[in-house]
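Structure first, commentary second.
In what follows, chains are A, B, ... by sequence order, proteins preceding strands, each numbered from 1.
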There are 2 protein chains.
Amino acid sequence: MATIYEVSKLAGVSLATVSRVMNNNANVSDATRKKVTAAMDELGYRPNSIAQSLASNCSNSVGLLVSELQGPFYGPMMSGIENTFRNQGKHLIIAAGHSDEEREKQGIEFLISRNCDGLILHVEAVSDDYLIKLSKGRTPFVLINRYISELSDRCILLNNIKGGYLAAKHVLEQGHKNIAYISGPLWKQDAKDRLEGHKQALAEFNLEFDENLLFQGDFMEASGYEGLKVLHQQTHPFTALICANDEMAVGAMASARDLGLTLPKQLSIMGYDNVFFTRHVYPQLTTVNYPINEMGRMAADWVLSHVYQKQTPPLQTLFEPELVIRHSISRQ
Amino acid sequence: MATIYEVSKLAGVSLATVSRVMNNNANVSDATRKKVTAAMDELGYRPNSIAQSLASNCSNSVGLLVSELQGPFYGPMMSGIENTFRNQGKHLIIAAGHSDEEREKQGIEFLISRNCDGLILHVEAVSDDYLIKLSKGRTPFVLINRYISELSDRCILLNNIKGGYLAAKHVLEQGHKNIAYISGPLWKQDAKDRLEGHKQALAEFNLEFDENLLFQGDFMEASGYEGLKVLHQQTHPFTALICANDEMAVGAMASARDLGLTLPKQLSIMGYDNVFFTRHVYPQLTTVNYPINEMGRMAADWVLSHVYQKQTPPLQTLFEPELVIRHSISRQ
DNA sequence: TTGTAGGCGTTATCAA
DNA sequence: TTGATAACGCCTACAA
């Protein structure tokens, strides 16, 4: 591999000059610039990014920690982020945290030890305190789907209260009065918020929230399946079921079939997230759109702006959900 | 950040010694080793991976190029790879090629310019020649789902002929005689192989392959939808449809519904890949399992073995597909 | 506008 | 078993 030194020799200039034309900032005369670029071409010179990083104390790499690399939710998020960064010559180092405190911490440690200039974190298990402490460190980070008041300017969020509200409102507008609900784990803020929005809509329609119709799931398909089974066994009747995410909704759909319910006639089901397979299930799932791709892009812009001092479109931290009406809710 | 220099001073030894205990290979006396580790702890020393990379000419990073970061196929692949590497302290730099020749090349260039020690490539658009030339370069790489005879030892493949055969055989065994087929783009080897296996099974049952019942799709959902529409319009009847991947199968299912066909009674549909949403569609899709997660792991092991000279489980390049029977094929 | 020289934090090669 | 010391390839004052 040719080095800057060989280029300088061939071009008959100094190291510094070559470096200058590479980072084409300083003032170099057109003549020498041409000589240098010609020499570079001739040698097939490629800068060594590691040496650049060491000398400039900037690795041009940003770390991304997600819970899972697979699954319908994280793909669009990573995609938005990768796209933004590649155009800027930054690269993405990816790690998975698996929603486990120890593994999330390890992942963050790992990313930091790799000299990432900045981090994008989608963490669930790690504590607020840990993140607040982390924020005092030298590696800046932005949080997706997590709110910590002390760090509010770096939290990119979906308005989940509104999302929960929109979902319930739509179901209510279709004439349903007895609505079951499968929530996420209620120690998670997003799960709590969605449920709160749900209750707001109910109140608006002068309906009480029936605790008997609540099942606490864990955002995974199996708990949706289990949830409907349990709800079906108790005595309070219901004509609609709202799930706090699409995976659980799909689990509930399978459960409904096993219970012999025809969808959506005998039971209306609503999801949340609008992951891509909601179009594929039958009946197609009515849900709430979570603009995760855009939020990923925004996180990348945050890093570009705060870590690399780049110009970006205006930063936005709060995103709004939207109702996506398909065929899983019947008129009552 | 503490450096090796400060550690050496505090421990009262030389730089070299500190470096030795870090890479705990050379022979260092227990006494000095303890002194050094104590000093490290006291200073909270963390090695600078960039400096290590520069000095050792090894970045401990491996590049992964996939077509898309989203979608059901690549998630499990990335997941298998990330997992293997993190345990080994290697990190994954991810780029997307979007099945476009220029962007794939750019991605590869990008990864190489980032000093990746090795590459895992899932490329579709780039030519054999390009890859052969690339193989002469200094960055080793392994290919997933691509066969080039000159590079056969680094091609990790699924036996697609057998997969196509298994799919068709199962349908035939259910008594179907007139089977339509929606293929992938036939310039792609995997699409060709799956179709070839299909024809083999047909021949075994003494049936002719009917060209009228072939529609060439592009592996995307929309072409499955379009494909069934077109096949339905022509005059040759069929009772089953085999699609060369799950996405097209799902598109075809939607098409079938729009055509008023009840599934699977009036039309049996078979997929390929066994992506996770095949369990969610209705009726659940019978398909062929593509062990992409394992193949990702294997690619990672290949890199570990060939690039980092690590001990790994025995390397395997050819993987076998398996039939996954669910509910989308009816007995004829 | 250009060149000189020191530094970035390690590893690795010699000697001792 | 240890310690000097020269790389590694580039950036960046500072000087010319």
Protein-nucleotide distance (Ile4(B), atom CD1; dA4(D), atom P), rounded to Å: 14 Å

Side-chain touch Arg114(B)/Ser61(B), heavy atoms, less than 4.5 angstrom: no

Matching residue for Leu315(B) among Asp153(B), Leu304(B), Asp301(B) - test: side chain to side chain contact (heavy atoms under 4.5 Å, CB included): Asp301(B)

Ring centre gap for Tyr290(A) and Phe73(A) strictly below 6.0 Å: yes

Validation row, ring centre Tyr74(A) to ring centre His122(A) under 6.0 Å: yes

dG9(D) OP1/OP2 closer than 4.0 Å to side-chain N/O of Thr3(A): no

Base of dG3(C) paired with side chain of Arg20(A) (donor-acceptor, under 3.5 Å): yes

Separation of atom OH in Tyr5(A) from atom P in dC8(D), rounded to whole Å: 11 Å

Side-chain N or O of Asn57(B) closer than 4.0 Å to phosphate OP1/OP2 of dT11(C): no

Distance below 4.0 Å between Gln52(A) side-chain N/O and dC11(D) OP1 or OP2: yes

N/O (side chain, Thr17(B)) to phosphate O (OP1/OP2, dG3(D)) under 4.0 Å: yes

Short side-chain N/O contact from Ser14(A) to OP1 or OP2 of dG3(C), under 4.0 Å: yes

Length of the NZ-P vector between Lys9(A) and dG3(C), whole Å: 15 Å

Phosphate OP1/OP2 of dT2(D): any Ser29(B) side-chain N/O under 4.0 Å: yes

Short side-chain N/O contact to dC8(C) OP1/OP2 from Asn48(B), under 4.0 Å: no

Integer-rounded Å distance: dT10(C) P and Ile50(B) CD1: 11 Å

Integer-rounded Å distance: dG9(D) P and Arg114(B) CZ: 17 Å

Sugar-phosphate, base or nothing in reach of Thr32(A), heavy atoms under 4.0 Å: sugar-phosphate

More than 12 heavy atoms of other groups within 6.0 Å of Lys105(A) NZ: yes

Nearest-angstrom distance from the residue atom CE of Met22(A) to C1' of dC10(D): 7 Å

Interatomic distance, Asn115(A) CG vs dT10(C) C1' [rounded to whole Å]: 12 Å

Touch class at under 4.0 angstrom, heavy-atom based, for Ser19(A) against every strand present: base

Under-4.0 Å side-chain N/O to phosphate OP1/OP2 contact, Tyr45(B) with dT10(C): yes

Rounded distance (Å) that lies between atom P of dC10(D) and atom CG of Leu15(A): 9 Å

Sugar-phosphate, base or nothing in reach of Val13(A), heavy atoms under 4.0 Å: sugar-phosphate

